[in-house]
Amino acid sequence: MYCNACGKAIADDARFCSYCGTVLGNQPAPRKLMRPRTGRMIAGVCAGMAHYLDLDVSLVRVVWALITVLSGVFPGVIVYALAWVIVPEEPWALPSASGQAVTHP
């Protein structure tokens, strides 16, 4: 593979050109913490945290419940309510004329 900026030969799996430092390929999109519209129990806070952290949703729910019970219920409920208000919902996925889903805020 060759660098588009300097024309030097580089490794096929390289993300940066070792000669000029140019980023190769597409940048990975940054992850965003959002509450999903499907697969949620109450407000989707635990499901959103699980997707953001790449964990199982059930594991996050059990850990959240344990932390809530062990901390005296009040802090866990307050943090959940704050996350419900602060963390945005994911956009609606609307079908387009071509049949593919289009997201709309």
Side-chain angles (χ1 to χ4, degrees):
M1 182 165 80
Y2 294 94
C3 175
N4 291 336
C6 66
K8 303 272 186 171
I10 54 175
D12 289 336
D13 61 345
R15 294 188 37 98
F16 299 94
C17 176
S18 58
Y19 298 101
C20 66
T22 303
V23 177
L24 305 171
N26 295 333
Q27 294 279 354
R31 287 196 251 172
K32 295 181 180 180
L33 178 58
M34 291 188 182
R35 296 183 295 120
R37 293 194 180 271
T38 59
R40 58 190 192 181
M41 296 292 265
I42 298 174
V45 173
C46 290
M49 291 294 288
H51 291 297
Y52 183 74
L53 299 173
D54 281 336
L55 296 173
D56 184 42
V57 177
S58 298
L59 175 68
V60 173
R61 288 178 180 146
V62 168
V63 169
W64 195 289
L66 283 173
I67 290 172
T68 301
V69 169
L70 295 176
S71 68
V73 180
F74 189 68
V77 172
I78 294 299
V79 170
Y80 193 90
L82 286 173
W84 189 346
V85 172
I86 294 171
V87 176
E89 278 189 306
E90 71 180 355
W92 287 99
L94 303 174
S96 67
S98 63
Q100 293 188 356
V102 177
T103 58
H104 180 68

S.K.: Contact between Glu89 and Arg37 at the side-chain level, heavy atoms closer than 4.5 Å - yes or no?
M.R.: yes
S.K.: Please list, chain by chain and in numerical order, all residues satisfying side chain to side chain donor-acceptor pair (under 3.5 Å) with Asp13, sequence neighbours excluded.
M.R.: none
S.K.: For the pair Met41 and Arg61, evaluate side-chain contact (heavy atoms from CB on, under 4.5 Å) and give the outcome as yes or no after the intermediate values.
M.R.: CA-CA 10 Å; Met41 296 292 265; Arg61 288 178 180 146; 3.3 Å; yes
S.K.: Quick one, Pro91 and Met34 - any side-chain contact, counting heavy atoms below 4.5 Å?
M.R.: yes
S.K.: Which residues satisfy the side chain to side chain contact (heavy atoms under 4.5 Å, CB included) test with Lys8, sequence neighbours excluded?
M.R.: Cys6, Tyr19
S.K.: Considering non-hydrogen atoms only, spot the tightest contact between Cys17 and Ile10 and give its length.
M.R.: SG-CG2, 4.1 Å
S.K.: Considering residues at least two apart in sequence or located in another chain, which fulfil the side chain to side chain contact (heavy atoms under 4.5 Å, CB included) criterion with Ala65?
M.R.: none
S.K.: Apart from Leu66 itself, what residues make up its hydrophobic cluster, given side-chain heavy atom links below 4.5 Å?
M.R.: Val62
S.K.: Kindly say whether Glu90 contributes a backbone atom to a donor-acceptor pair with the side chain of Arg35 at under 3.5 angstrom?
M.R.: no
S.K.: For Tyr80, give me all partners under ring pair (Phe, Tyr, Trp, His ring centres under 6.0 Å), at least two apart in sequence or on another chain.
M.R.: Trp64
S.K.: Tell me which donor-acceptor pairs under 3.5 Å the side chains of residues 42-60 have, and how far apart each pair is, sequence neighbours excluded?
M.R.:
unit_1, atom_1, unit_2, atom_2, d
Asp54, OD2, Arg31, NH1, 3.3

